[in-house]
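None of these values were measured; they are calculated from a predicted model. Just so we're on the same page: letters track the sequence lines, and every chain starts at 1.
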Number of protein chains: 2
Amino acid sequence: MRLSTKGRYAVTAMLDLALNGKNGPVTLAEISENQGISLSYLEQLFAALRNKELVRGVRGPGGGYYLGKSADEISIANIICAVDEWVEFTRCGGRQNCSGGARCLTHTLWDDLSSEIFNFLANISLGDLVRRNLNKTEDEESSLSVVANADSQAA
Amino acid sequence: MRLSTKGRYAVTAMLDLALNGKNGPVTLAEISENQGISLSYLEQLFAALRNKELVRGVRGPGGGYYLGKSADEISIANIICAVDEWVEFTRCGGRQNCSGGARCLTHTLWDDLSSEIFNFLANISLGDLVRRNLNKTEDEESSLSVVANADSQAA
DNA sequence: TCCATTTCCTAGTAAATCACTTGGTAATTA
DNA sequence: TAATTACCAAGTGATTTACTAGGAAATGGA
């Protein structure tokens, strides 16, 4: 899993699309304006998203982008994987004998953790995020935060 | 949260240190050999880790690095934050009026998700990873994987 | 005391990535 | 026909990545 700023832009843009795409397509110009991301950079990101069928484009006046499937069927992991092409980290893909014992043990641990992070993000959908926020704003503005204290250093 | 390859190197190196540092310090030369990371790059990473007191260096022959605290007190988030300096993503730090409604709503959603990812990684310690693997190898080699199926695309 | 070992420190670098600009073409609507 | 929008390709300055080079400071053993 690779969570770069590029992935953040994509997630942010997809969130904007999910929120504003209820009635009719959303133009990249609108998302660009809303989120402060350059139009051409959005075009690049959406080219990748379209390849993975996460969005669907409609050309011409009144056109724009729709979600490619329902917000509940699009996970955060889907979005990030679409724009941040997956790179295999450990050179030994489990197969090659990578200098044996200690090294591959660490690689296994890392791979497990990596899978866990992926699954965590795979289990959060765009729909989840939108609903979660709607519930929140019903209650109050921004007081409650489910995310409590980590262990110590939060900066 | 920013999970780059740099963070991966740091986590991998710290895992190696946790595994091999039971009796005596571990040299960067060993970690470099084990994990296939250049010595000088490790030095840079460990400079950052030392600043956050996640490791403790001992100079001279027989020297090397110890964990700065127990493996249970070091979270994956700690490690990643030490080497991948935190960057504020949304320009409006919640305070500035960032063109109002739709934009800040998306930002709030993103910030919540971001916190959630951080807390997820903050709740996994080096000790967890090591123990998890010991249990696994007791059972069998590599057959079971707790991380089951995500939704669809795993590549 | 001298030497080997190791951390610690600074500077530089090729390659990749990031976020963006420029300059288009193709499809669609009015 | 003209405006609007997605789509496409090439290039660019700034930053990051992973690394090399060349040391200095501390420590242990001879």
Side-chain angles (χ1 to χ4, degrees), chain A residues 2-13 17 20-21 24-33 35-68 80 82-91, chain B residues 2-13 17 20-21 24-33 35-68 80 82-91:
Chain A
R2 178 133 173 270
L3 181 50
S4 65
T5 50
K6 194 175 178 184
R8 294 182 188 222
Y9 277 109
V11 171
T12 302
L17 182 50
N20 298 117
V26 181
T27 67
L28 291 189
E30 290 175 271
I31 299 178
S32 172
E33 168 74 15
Q35 303 304 327
I37 309 172
S38 92
L39 180 58
S40 282
Y41 196 42
L42 279 175
E43 284 178 348
Q44 288 178 33
L45 296 177
F46 274 69
L49 294 170
R50 189 162 38 78
N51 284 340
K52 293 287 169 57
E53 295 179 335
L54 298 180
V55 296
R56 186 165 48 84
V58 177
R59 298 208 236 191
Y65 279 96
Y66 292 98
L67 290 181
I80 292 173
V83 299
D84 258 335
E85 66 277 19
W86 188 278
V87 280
E88 183 66 39
F89 182 63
T90 54
R91 284 81 160 178
Chain B
R2 175 132 176 271
L3 181 50
S4 67
T5 51
K6 192 176 178 185
R8 294 184 187 220
Y9 277 109
V11 172
T12 301
L17 181 51
N20 297 117
V26 181
T27 67
L28 292 189
E30 290 175 89
I31 298 178
S32 172
E33 168 74 16
Q35 303 304 327
I37 310 171
S38 92
L39 180 58
S40 281
Y41 196 42
L42 279 176
E43 284 177 349
Q44 286 177 34
L45 296 177
F46 274 69
L49 294 170
R50 190 162 36 79
N51 284 339
K52 293 288 168 57
E53 296 180 334
L54 298 180
V55 297
R56 187 164 48 84
V58 176
R59 297 208 236 193
Y65 279 95
Y66 292 97
L67 290 181
I80 292 173
V83 299
D84 258 334
E85 67 276 20
W86 189 278
V87 281
E88 183 67 37
F89 181 61
T90 54
R91 285 81 161 178

For Ser32(A), check side-chain hydrogen bond (donor to acceptor under 3.5 Å, both in side chains) against everything at least two apart and list the hits.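 Scan of Ser32(A) (side-chain hydrogen bond (donor to acceptor under 3.5 Å, both in side chains), adjacent residues dropped) gives none.
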
Integer-rounded Å distance: [N] [atom2] and [X] [atom1]:
X: Tyr41(A); N: dC7(D); atom1: OH; atom2: C1'; answer: 18 Å
X: Leu49(A); N: dC7(D); atom1: CG; atom2: P; answer: 11 Å
X: Arg8(A); N: dT17(C); atom1: CZ; atom2: C1'; answer: 16 Å
X: Tyr9(B); N: dA16(C); atom1: OH; atom2: C1'; answer: 13 Å
X: Leu45(B); N: dC8(C); atom1: CG; atom2: C1'; answer: 14 Å
X: Asp84(B); N: dC18(C); atom1: CG; atom2: P; answer: 13 Å
X: Tyr66(B); N: dT27(D); atom1: OH; atom2: C1'; answer: 13 Å
X: Gln44(A); N: dG11(D); atom1: CD; atom2: C1'; answer: 11 Å

Are any of Thr5(B)'s side-chain N or O atoms less than 4.0 Å away from OP1 or OP2 of dA18(D)?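 The answer is yes; a side-chain N or O of Thr5(B) sits under 4.0 Å from OP1 or OP2.
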
Measure distances between side-chain N and O atoms of Ser40(A) and base N and O atoms of dT22(C), and say whether any donor-acceptor pair falls under 3.5 Å.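 Counting by modelled atom types and ignoring angles, a donor-acceptor contact under 3.5 Å is found here.
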
Within a strict 4.5 Å, meaning less than it, do heavy atoms of the Lys6(B) and Tyr41(B) side chains meet?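 Result yes, sub-4.5 Å side-chain heavy-atom pair found.
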
Any side-chain heavy atom of Tyr65(A) within less than 4.5 Å of one from Ile31(A)?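 A side-chain contact under 4.5 Å is absent here.
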
If you draw a 6.0 Å radius around CD in Glu53(B), do more than 12 non-hydrogen atoms from other residues or ligands fall strictly inside?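 Atom CD in Glu53(B) is not crowded, with 12 or fewer foreign heavy atoms closer than 6.0 Å.
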
Nearest 0.5 angstrom please: Leu28(A) CG to Glu33(A) CD, how far?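 Rounded to the nearest 0.5 Å, the CG-CD separation comes to 13.5 Å.
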
With sugar-phosphate taken as primed atoms, P, OP1 and OP2 and all else as base, the protein-contact string of nucleotides 1-6 of chain D at under 4.0 Å (heavy atoms; B, S, -) is --BBBB

Where is the tightest heavy-atom contact between Gly62(A) and Pro25(A), given as atom of each residue plus distance?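 Between these two residues, the closest heavy atoms are O-CG, 3.3 Å.
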
